[in-house]
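Values below: all heavy atoms of this structure, side chains included; hydrogens, waters and symmetry mates excluded.
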There are 2 protein chains.
Amino acid sequence: MKFDDKIPIYYQIKNYIYGQIITGKLAPGEKIPAVRQLAVDLTVNVNTVQRALGELISEGILESRRGLGNFVTEDQATIEEVKHKLIMQQLHEMYENLHDLNVTDDEIVAYLRQYIKDRRTTKDGQYN
Amino acid sequence: MKFDDKIPIYYQIKNYIYGQIITGKLAPGEKIPAVRQLAVDLTVNVNTVQRALGELISEGILESRRGLGNFVTEDQATIEEVKHKLIMQQLHEMYENLHDLNVTDDEIVAYLRQYIKDRRTTKDGQYN
DNA sequence: TATAGTGTAATAGTAAAATATAACACTAGG
DNA sequence: CCTAGTGTTATATTTTACTATTACACTATA
């Protein structure tokens, strides 16, 4: 997995797991891969994985069963809450940053529509 | 100035200067504050300021005149380019992250409109 | 020419994330 | 009871951003 060196790896792993759960690639109640396996898959250290999982466990989206593994919460409502929270965080960050550049509400919406439209006709990768 | 501890300080300073220039708080051709003064204002080290300014100078949005100071480029086109690039980067990041959560194009637009609407009737700060 | 104000850069030290490695604790199943 | 698979934790080390400090280079001007 490729990481953005401007953001802590454990934090990027946390967001990766969020994504897996929210998109259903990891289902409610499902056992997630073992920490040592995740460390191999993501080519990071076990402790780094553990730091990410620890926060997810604290938030209740994962449950730890010692000796058995880590499991996605059964509570679909918790997952929905987290999804909504993440969506709002994304919008908030983008919105605040553009407002700091004096871009108005209407301009933000217009730019977004244009971006989406352009995206369908242009090859990707120009803003990575 | 308050910094996000998940992002390098020099990088946040760079974005801060971008904002000052794009919004015209620092005008084309204008001398920006001395590096030592910026360090005091932002409560960071001179070297950290210098690292941010160094990148802005490399990009041509700032010009360094040894013994005199650092100046915003006179070239309005360069500034416009940078503004557009920053806007697209913001949209791109938000868009990619939401798509990774299986949020569709239409849903992104709808969520944004809702976010903007809610923002006008709700007290701020809930997504910081 | 001396000085104050400016950018530039090097050195050494600090702090936090990440790593490598090892050990410990618990569970299920043979 | 032993073992394999799992989570948990600790120690030492490495890496890098950041800091503190100092020095150097250039410019305008008194």
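Among C/dA17, D/dT27, C/dA25, the nucleotide with an atom closest to any side-chain atom of B/L68 is D/dT27. Closest approach to the A/R51 side chain among D/dT8, C/dT19, C/dA17 is made by C/dA17 (side chain taken as heavy atoms from C-beta onward). Counting only heavy atoms from C-beta on, A/A34 has its side chain closest to D/dT6 among C/dT8, D/dT8, D/dT6. In this structure, the nucleotide among D/dT8, C/dT19, D/dT21 sitting nearest to the side chain of A/Q50 is D/dT8. Distance from the side chain of A/N70 is smallest to D/dG7 among D/dT19, D/dG7, C/dA18. Side-chain proximity of B/P8 to the nucleotides D/dC18, C/dT8, C/dC26 is greatest for D/dC18. The B/R66 side chain lies nearest to D/dC26 when the options are C/dA20, C/dA25, D/dC26.
Taking atom NZ of A/K31 as the reference point, atom C1' of D/dG7 lies 10 Å away to the nearest angstrom. One atom, OH of A/Y10, and another, C1' of C/dT19, lie 17 Å apart when rounded to the nearest Å. D/dC18 atom C1' lies 18 Å from atom OH of B/Y11, rounded to whole Å. Atom pair A/F71:CZ and C/dC26:C1' shows a separation of 13 Å (rounding to whole Å applied). Taking atom CD of residue B/E30 and atom P of nucleotide C/dT6, one finds them 14 Å apart after rounding to whole Å. Rounded to an integer number of Å, the gap from CG of B/N45 to C1' of C/dA9 is 12 Å. If you measure from atom CG of B/L38 to atom P of D/dC18, you get 16 Å, rounded to the nearest angstrom. Following rounding to the nearest Å, A/I32 (CD1) and D/dG7 (C1') show an atom-to-atom distance of 11 Å.
Judged by distance alone, with hydrogens and angles left aside, A/N47 brings a side-chain donor or acceptor within reach of the base of D/dA10, the pair sitting under 3.5 Å.
Here the shortest heavy-atom pairing between A/Q12 and A/I7 reads NE2-O, 2.6 Å.
Each of B/R65 and B/T43 has a nearest nucleotide on DNA chain D; the 5'-most of these lies closest to B/T43.
Note on A/T48: every side-chain N or O is 4.0 Å or more away from OP1 and OP2 of C/dA17.
With hydrogens and angles disregarded, a donor-acceptor distance shorter than 3.5 Å links the side chain of B/E107 to the backbone of B/T104.
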### Task
Apply salt bridge (Lys or Arg N to Asp or Glu O under 4.0 Å) to the pair B/E59 and B/K14, showing each step before the final yes or no.
CA-CA 11 Å; B/E59 293 171 18; B/K14 193 179 163 185; 2.9 Å; yes
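A salt bridge links A/E96 with B/R119: the closest approach of a Lys/Arg side-chain nitrogen to an acidic carboxylate oxygen falls below 4.0 angstrom. Looking at B/D105 and A/R120, a side-chain N of the basic residue comes within less than 4.0 Å of a carboxylate O on the acidic one, giving a salt bridge.
Counting any heavy atom pair closer than 4.0 Å across all strands shown, B/R36 reaches a base atom.
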